[in-house]
Amino acid sequence: MANHRMGTIYIGVTSNLRQRVLEHRAGFYPDCFTNKYNLRTLVWYQGFGDIREAIAFETRIKRWKRDWKLRLVIDINPDWIDLFYDFYRNDGVLSWC
């Protein structure tokens, strides 16, 4: 999730991307990082077949330098468009930011 192009980003794991994105957009978690920084745009996601793989990948990229995380988004979404509806084409556990 991001607030604008090259802005603040959030990385998380969920088994229900639609629900989680809608929760963040609605401000369902008032004290959450995504609410504090108005992160409402889904700019990247990746499907995984197993939750353990998704968690391991999330843990790894949370340690990355900011430039590396930005490059991950830019490589698949250079215009930082909202990919919220695009994820319906994927199955499985998703990692996203």
Side-chain angles (χ1 to χ4, degrees):
M1 303 290 292
N3 54 2
H4 57 79
R5 189 177 192 282
M6 304 294 284
T8 303
I9 57 174
Y10 170 78
I11 300 164
V13 171
T14 185
S15 60
N16 188 334
L17 183 59
R18 179 182 181 277
Q19 177 182 332
R20 191 70 169 137
V21 170
L22 291 174
E23 289 170 352
H24 283 303
R25 289 186 175 182
F28 196 73
Y29 306 101
D31 297 327
C32 181
F33 181 84
T34 55
N35 202 44
K36 179 179 179 181
Y37 292 97
N38 197 33
L39 306 175
R40 304 287 189 257
T41 306
L42 181 68
V43 294
W44 178 88
Y45 64 91
Q46 181 171 333
F48 291 88
D50 184 279
I51 189 67
R52 292 169 294 200
E53 292 174 44
I55 292 168
F57 188 71
E58 174 199 26
T59 301
R60 190 167 54 248
I61 63 177
K62 282 188 172 185
R63 288 181 283 203
W64 287 5
K65 295 178 183 180
R66 176 174 164 75
D67 290 349
W68 299 354
K69 296 173 192 175
L70 294 175
R71 177 55 49 198
L72 186 68
V73 174
I74 292 166
D75 283 349
I76 65 127
N77 190 1
D79 297 322
W80 291 63
I81 60 169
D82 191 350
L83 302 175
F84 180 60
Y85 299 101
D86 189 48
F87 80 90
Y88 284 106
R89 289 181 264 156
N90 293 315
D91 294 326
V93 177
L94 300 172
S95 183
W96 51 278
C97 67

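Side chains included, hydrogens not; waters and symmetry mates left out as well; all remaining heavy atoms used.
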Measure the OG1-CD distance between T14 and Q19 for me, rounded to the nearest 0.5 Å. 7.0 Å
Could you check whether any side-chain heavy atom of L42 comes within less than 4.5 Å of a side-chain heavy atom of L17, counting everything from C-beta outward? yes
Pairwise side-chain contact, I74 with M6, heavy-atom cut-off 4.5 Å (strictly under): yes
4.5 Å side-chain heavy-atom contact, Y45 and L83: yes
Is it the case that more than 12 heavy atoms not belonging to F33 sit under 6.0 Å from its CZ atom? yes
Would you say that more than 12 heavy atoms from the other residues, nucleotides or ligands in this model lie under 6.0 Å from the NZ of K62, or not? yes
Going by heavy atoms in the side chains, are Y10 and H24 under 4.5 Å from each other? yes
Return the set of residues passing salt bridge (Lys or Arg N to Asp or Glu O under 4.0 Å) with D67 (not counting sequence neighbours), or none when no residue passes. none
So how far is it from T41 OG1 to I9 CD1, rounded to the nearest 0.5 Å? 12.5 Å
At what distance, to the nearest 0.5 angstrom, does CH2 of W64 lie from CG of L72? 5.0 Å
Does either side chain, that of R40 or that of N35, offer a donor lying less than 3.5 Å from an acceptor on the other one? yes
Answer whether the closest heavy-atom distance between the side chains of L39 and Y37 falls below 4.5 Å. yes
Is the positively charged end of R52 above the ring of F57, judged by distance under 6.0 angstrom from the centroid and angle within 45° of the axis? no
Linked, directly or transitively: F84 and Y29 (ILVMFWY side chains, under 4.5 Å): no
Residues A54 and V13: closest non-hydrogen pair is O-CG2, 3.6 Å
Rounding to 0.5 Å, atoms OG1 (T8) and CG (N3) come to a distance of 4.5 Å
Roughly how far, to the nearest 0.5 Å, is the CZ atom of R66 from the CG atom of L70? 4.5 Å
dist E23:CD -> R20:CZ (nearest 0.5 Å) comes out at 5.5 Å
Return the minimal non-hydrogen interatomic distance between A2 and W80, and the atom names on each side. CB-CZ3, 3.8 Å
